[in-house]
Amino acid sequence: MHKQDTFFSESLLNWYAENQRDLPWRGTRDPYKIWLSEIILQQTRVAQGLPYYERFIERFPTVKQLAKAEEQEVLRLWQGLGYYSRARNLHACVRKVESEYGGIFPEGYAELQKLPGIGKYTAAAIASFAFHESVPVVDGNVLRVLARYFGIAQDIGEAKNWSVFFSLAQKQLGSFPPQIFNQAIMEFGAVQCKPGMPNCETCPVRIGCYAAQEKQQLALPVKVKKTKIRPRYFTYWLVQNQEGEVAVQERKDTDIWKGLYHFPLLETESLPKEEEVLKALPAGLFIQELPSGGSVSVSPVIKHVLSHQHLFIRFIHVKEASVSQKGPWRWVNTEQLQELPKPIVIDKYLQEYLF
DNA sequence: TACGCGTGGTG
DNA sequence: TCACCAAGCGT
């Protein structure tokens, strides 16, 4: 390989040696810690995920301890982080590792992908960081860095283009230590070659960079796909019984906040009128037993309502998609709704109705 | 394969 | 203010 061929990779390695952040999952080869950090960091910034990582490691230092936990406790620790299927798969994953792999994570890139919640990226991360397997990671950072440096205009949102970037990443990885190169290229993307305008003035590879030379930093990478947002109006009834307990409902459908708890609600496509809200008031409330442990995980809106200690109807505007919720209520003490997540989108049309 | 899943930061 | 998007994955 000619020197010119390794300029990009060697520059990244040098940059990483000087600029890497000190993070708790770095400098370990424990696959459990690496796996946990990777799941938490999927589509999530370090600053947002870091406190969750610390709490999970403190509460569940080992595979065995996490595998023994109830799913509700795992969800409760995950509250506020979003993408709750990650928490359910996290739990299912350690249970599978415990039952089918003797509590030890399997080593191979292919074998790791058989575990729930572990796809190509996470498998590559674990295989390279923990087991030094020479397989490239391809995440949002890598896609951006490669697209900009090599001037690749293919849509990173199209699945068929993934192999283009994988092959290029593999070529750049070459025979460099995968556990270092993979961290380096991702860290470079997160810190230096950021989304939006990158720090080209201080960039060690700007000389060879297509985007920097052609001023295409904001045009690359190309991503056509747009996430479409449609408004959802959730009107909650905060219902209290004579013991001061509040009616809540577990969200079981495949929809946002699955597995978390909500107040009884009416969902509409537009802001409902008062008569509509009152007409839809649920008639058949009944009492159920709580999940074991007497503590439940709750969705973000509940925290907002409880924190203001209102007994009102609220209109919550949520920018997501899907179906409304039907099913049984249960009563819980407000003290049981512990360690609540932060509220999401709170609407500006809030109205209040005293019961 | 395309789409849905959360929350928070950014320009 | 708001569109974009962030260490992706499952279906």
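No experiment lies behind these values; they were computed from the predicted model shown. Convention: sequence-line order gives letters A, B, ...; per-chain numbering from 1.
In this structure, the side chain of A:S134 does not engage the main chain of A:P178 through any donor-acceptor pair within 3.5 Å. Formation of a donor-acceptor pair under 3.5 Å by the A:H91 side chain with backbone atoms of A:A69 is found in this model.
Within residues 23-49 of chain A, the residues approached by DNA chain B to less than 4.0 Å at the level of any non-hydrogen atom are A:Q43, A:T44, A:R45, A:Q48, in residue-number order. Heavy-atom distances under 4.0 Å link DNA chain B to no residue of residues 108-138 of chain A.
Note: CZ (A:R21) to C1' (C:dA6) measures 12 Å, nearest angstrom. Distance NZ (A:K160) to C1' (B:dT1): 12 Å, rounded to an integer number of Å. Protein atom OH of A:Y83 is 9 Å distant from nucleotide atom P of B:dC5, rounded to whole Å. For the pair A:Y84 OH and C:dT11 C1', the computed distance is 21 Å after rounding to whole Å. Here B:dT1 presents its C1' atom at 14 Å from CG of A:D155, a figure rounded to the nearest Å. When rounded to the nearest whole Å, the span between CG of A:L90 and C1' of C:dA7 equals 15 Å. Nucleotide B:dG4 holds its C1' atom 14 Å from the CG atom of A:N89, rounded to whole Å. Between A:Q79 atom CD and B:dC5 atom P the separation is 19 Å, expressed in whole Å.
Taking atom P on both nucleotides, C:dC4 is separated from B:dC3 by 16 Å, rounded to a whole Å. Spacing of P atoms, B:dT10 relative to C:dA7, comes out at 13 Å, to the nearest Å. Taking the C1' atoms as reference points, B:dG4 lies 16 Å from C:dC5, given to the whole Å. Taking the P atom of each, C:dT1 and B:dG6 are spaced 26 Å apart, rounded to whole Å.
Counting only residues at least two apart or on different chains, the salt bridge (charged side-chain N to carboxylate O under 4.0 Å, His left out) pairs with a member in residues 17-28 of chain A are A:R21-A:E187, A:R26-A:E187. Counting only residues at least two apart or in different chains, side chain to side chain donor-acceptor pair (under 3.5 Å) contacts with residues 198-219 of chain A comprise A:Q192-A:T202.
Ion pair A:R88/A:E71 not flagged as a salt bridge, since none of the NZ, NE, NH1 or NH2 atoms sits closer than 4.0 Å to an Asp/Glu carboxylate oxygen. Under a 4.0 Å N-O distance rule, the pair A:E58/A:R55 does not qualify as a salt bridge.
As judged by a 4.0 angstrom heavy-atom cut-off over every strand, A:G140 is placed among residues touching the sugar-phosphate backbone only.
Comparing A:K194 and A:R88 by the nucleotide of DNA chain B that holds the closest heavy atom to each, the one mapping nearer the 5' end is A:R88.
Here A:R86 does not reach the OP1 or OP2 of B:dT7: none of its side-chain N or O atoms lies under 4.0 Å away.
For A:F129, there are no ring-ring contact (aromatic ring centres under 6.0 Å, His included) partners two or more places apart in sequence or in a different chain. The ring-ring contact (aromatic ring centres under 6.0 Å, His included) search around A:F181 returns none, not counting sequence neighbours.
Checking A:Y121 against A:Q42 by side-chain atom types alone, no donor-acceptor pair falls below 3.5 Å.
Hydrophobic clustering (side-chain heavy atoms under 4.5 Å, transitive across Ile, Leu, Val, Met, Phe, Trp, Tyr) keeps A:L218 apart from A:I152.
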